[in-house]
2 protein chains.
Amino acid sequence: MKQLHESAPVSQEADVSSDEAMREHLGYSLKRAYMCMHRKATDELEKFSLKVRSFSALSLIVANPGIPPSRLAEILQIERSNLVLIMDELETRELISRTRDPHDRRRFALNATLRGKRLQEKAAAATLAQQTQITARFTAAEYETLTAFLRRIEEEA
Amino acid sequence: MKQLHESAPVSQEADVSSDEAMREHLGYSLKRAYMCMHRKATDELEKFSLKVRSFSALSLIVANPGIPPSRLAEILQIERSNLVLIMDELETRELISRTRDPHDRRRFALNATLRGKRLQEKAAAATLAQQTQITARFTAAEYETLTAFLRRIEEEA
DNA sequence: TATTGTTATACTCTATAACTATA
DNA sequence: TATAGTTATAGAGTATAACAATA
């Protein structure tokens, strides 16, 4: 009969080791799927000298003209202090502008320049094209189901 | 007629700013869902003085007795060099043991101690209980569908 | 007194190169 | 010559506290 407390097994029989034990943890599978998408997006965005982070910020500024940094940080769930460097870089590259809000001179209004809008458009097209490749085997209905699930996790947590 | 190139809008009308523009990017929604789970797991594992990273490593050692560090790093998709500190901490806390593989003295065999197994069991129970809360409104079928989708993303990417 | 943007800083995570011992 | 484990280190990413300007 096999001992309950066998001591220090030394090597795996062949190659049976796997991460199956972690698969019951939803966060584990979520992270891995996220990392796959992140790697792909990073590669794609490198062509535009953008990081995923700065692309997200630029996209939200394009979509929300005049948004103040504090609101952008809130949406992106990052610290205002960490957003500063991202904005600095986007502004230096003349992709966005910072203008004072005359109604509340503590705030800035962020706006994408024409150049910023054009770059965002191209970068979005590139990442979405590549996303389409990855999700090619998903039907439209399946894709909708997936994104609905992801939203529910955010809402429930 | 509205100008095509209006200059520098300054503030949003009320509070319409949102991240809706990023929602067509699957990676964005994946990251946010992942971050929710990660935050919750971090809080829960803090009670056991474990990080998500070290809990994952410990769990895989429990599930794969005798696994060598190089294989563990491969499964976790992290650098061997970064795994060393994680193993050091787990070993110092006597949750795992490192023993030389006599067949290949370059390798170590990692094994969870009884203490390590017990801690892993409790920590897994805690995180899974909390995961159940988050996914409470998912039917079993929906949950299966979600995890299958996540696996497909990993496989396609 | 509170908020916005900012600076400085520390802490964690991750990536890379080089070393040793073994094969 | 190649591989496993390790060390050291640099670079990101992230979090916190404090400050000036403004409300």
Side-chain angles (χ1 to χ4, degrees), chain A residues 10-12 15 17 27 31-32 34-35 38-39 41-43 45-46 49-57 61 66-92 96-111, chain B residues 10-12 15 17 27 31-32 34-35 38-39 41-43 45-46 49-57 61 66-92 96-111:
Chain A
V10 147
S11 67
Q12 289 300 107
D15 200 7
S17 64
K31 171 160 192 181
R32 291 179 80 97
Y34 155 63
M35 287 303 291
H38 188 267
R39 263 191 298 272
T42 299
D43 291 348
L45 291 172
E46 212 245 325
S49 302
L50 287 171
K51 294 173 193 165
V52 174
R53 221 346 112 65
S54 51
F55 169 71
S56 302
I61 293 168
I67 191 172
S70 56
R71 174 68 183 141
L72 182 56
E74 189 180 45
I75 292 178
L76 284 172
Q77 296 177 179
I78 64 177
E79 296 298 319
R80 282 172 301 154
S81 57
N82 293 328
L83 183 57
V84 174
L85 293 176
I86 299 169
M87 292 186 301
D88 283 349
E89 205 221 321
L90 293 175
E91 191 182 34
T92 301
I96 65 164
S97 65
R98 280 191 262 219
T99 56
R100 285 274 178 202
D101 180 340
H103 300 93
D104 183 344
R105 294 186 49 74
R106 289 173 305 184
R107 286 172 184 269
F108 279 114
L110 301 176
N111 288 281
Chain B
V10 147
S11 68
Q12 289 299 109
D15 201 5
S17 64
K31 171 161 191 182
R32 291 179 79 97
Y34 155 63
M35 287 302 291
H38 189 268
R39 263 191 300 272
T42 299
D43 290 348
L45 292 172
E46 211 246 324
S49 302
L50 288 170
K51 293 172 195 166
V52 173
R53 217 353 105 67
S54 51
F55 169 70
S56 302
I61 293 168
I67 191 172
S70 55
R71 175 67 184 141
L72 183 56
E74 189 179 44
I75 292 178
L76 284 173
Q77 296 177 181
I78 64 178
E79 294 300 317
R80 281 173 300 153
S81 57
N82 292 329
L83 182 58
V84 174
L85 293 177
I86 298 169
M87 292 186 301
D88 284 349
E89 204 220 321
L90 293 176
E91 192 182 33
T92 300
I96 66 164
S97 66
R98 280 191 260 219
T99 57
R100 286 274 178 203
D101 181 341
H103 300 94
D104 183 344
R105 293 187 48 74
R106 290 173 303 182
R107 288 174 183 270
F108 281 114
L110 301 176
N111 288 281

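On a predicted model such as this, the values are computed, not experimentally measured, just so you know.
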Quiz item: How close or far is atom C1' of D:dA15 from atom CG of A:Leu85, stated in whole angstroms?
Solution: 13 Å
Self-check item: Trace of the side-chain contact (heavy atoms from CB on, under 4.5 Å) decision for A:Met35 with A:Arg32
Solution: CA-CA 5 Å; A:Met35 287 303 291; A:Arg32 291 179 80 97; 5.6 Å; no
Self-check item: Side-chain touch B:Asp101/B:Pro68, heavy atoms, less than 4.5 angstrom
Solution: no
Quiz prompt | Test log, rule side-chain contact (heavy atoms from CB on, under 4.5 Å), inputs B:Ile78 and B:Arg53 | solution = CA-CA 10 Å; B:Ile78 64 178; B:Arg53 217 353 105 67; 3.5 Å; yes
Quiz item: What is the distance, rounded to the nearest whole Å, between atom CD of B:Glu74 and atom C1' of D:dA4?
Solution: 13 Å
Can you tabulate the close N/O pairs, meaning under 3.5 Å, that link protein atoms to atoms of nucleotides 1-3 of chain D?
from  : atom 1 : to       : atom 2 : distance (Å)
D:dT3 : O4'    : B:Arg106 : NH1    : 3.4
D:dT3 : O2     : B:Arg106 : NH1    : 3.1

Practice problem: Please figure out whether B:Arg105 or A:Lys31 has its closest DNA chain C nucleotide nearer the 5' end. | Solution: A:Lys31
Quiz item: When the distance from CG of A:Leu110 to P of C:dT4 is rounded to whole Å, what number comes out?
Solution: 13 Å
Quiz prompt | ring pair (Phe, Tyr, Trp, His ring centres under 6.0 Å) partners of A:Tyr34, counting only residues at least two apart | solution = A:His38, B:Tyr34
Quiz prompt | Integer-rounded Å distance: C:dA8 C1' and A:Asp88 CG | solution = 14 Å
Quiz item: Quick check: are there more than 12 heavy atoms from other residues, nucleotides or ligands sitting under 6.0 Å from CZ of B:Arg39?
Solution: yes
Quiz item: Across the strands shown, which category fits A:Met87 at heavy-atom distances under 4.0 angstrom: base, sugar-phosphate, nothing?
Solution: sugar-phosphate
Quiz item: Among D:dG13, D:dA4, C:dT14, which nucleotide sits nearest the side chain of B:Ser70?
Solution: D:dA4
Exercise. Please determine, for the side chain of A:Arg53, which listed nucleotide (C:dG5, D:dT14, D:dG5) has the closest atom?
Key: D:dT14
Quiz item: Between A:Arg98 and C:dT6, is there a side-chain N or O to OP1/OP2 distance below 4.0 Å?
Solution: yes
Quiz prompt | Phosphate-side-chain proximity, A:Lys51 and D:dG13, N/O vs OP1/OP2 below 4.0 Å | solution = yes
Exercise. Working to the nearest 0.5 Å, report the span between OG1 of B:Thr42 and NZ of B:Lys51.
Key: 10.5 Å
Quiz item: Quick one: on DNA chain D, does A:Asp104 or B:Asp104 contact a more 5' nucleotide (nearest heavy atom)?
Solution: B:Asp104
Practice problem: Could you state the atom-to-atom distance from CG of B:Leu90 to P of D:dG5 in whole Å? | Solution: 15 Å
Quiz item: Over how many whole Å does the gap from B:Phe108 atom CZ to C:dT22 atom C1' extend?
Solution: 12 Å
Quiz item: Does a sphere of radius 6.0 Å around CD in B:Glu46 hold more than 12 heavy atoms from other residues, nucleotides or ligands, not counting ones at 6.0 Å or beyond?
Solution: no
Quiz item: B:Arg98 versus B:Asp88: any side-chain heavy-atom pair under 4.5 Å?
Solution: yes
Exercise. Round to a whole Å and report the spacing from CZ of B:Arg71 to C1' of D:dA4.
Key: 15 Å
Practice problem: Please state how far atom CZ in A:Arg100 lies from atom P in D:dT22, giving the value in whole angstrom units. | Solution: 6 Å
Quiz item: How many angstroms lie between atom CG of A:Leu110 and atom OG1 of A:Thr99, to the nearest 0.5 angstrom?
Solution: 8.0 Å
Quiz item: A:Ile67 versus A:Ile75: any side-chain heavy-atom pair under 4.5 Å?
Solution: yes
Check: protein-nucleotides 15-17 of chain C nitrogen or oxygen pairs below 3.5 Å:
from   : atom 1 : to      : atom 2 : distance (Å)
C:dA15 : N7     : B:Asn82 : OD1    : 3.4
C:dA15 : N7     : B:Asn82 : ND2    : 2.9
C:dA15 : N6     : B:Asn82 : OD1    : 3.1
C:dT16 : O4     : B:Ser81 : OG     : 2.6

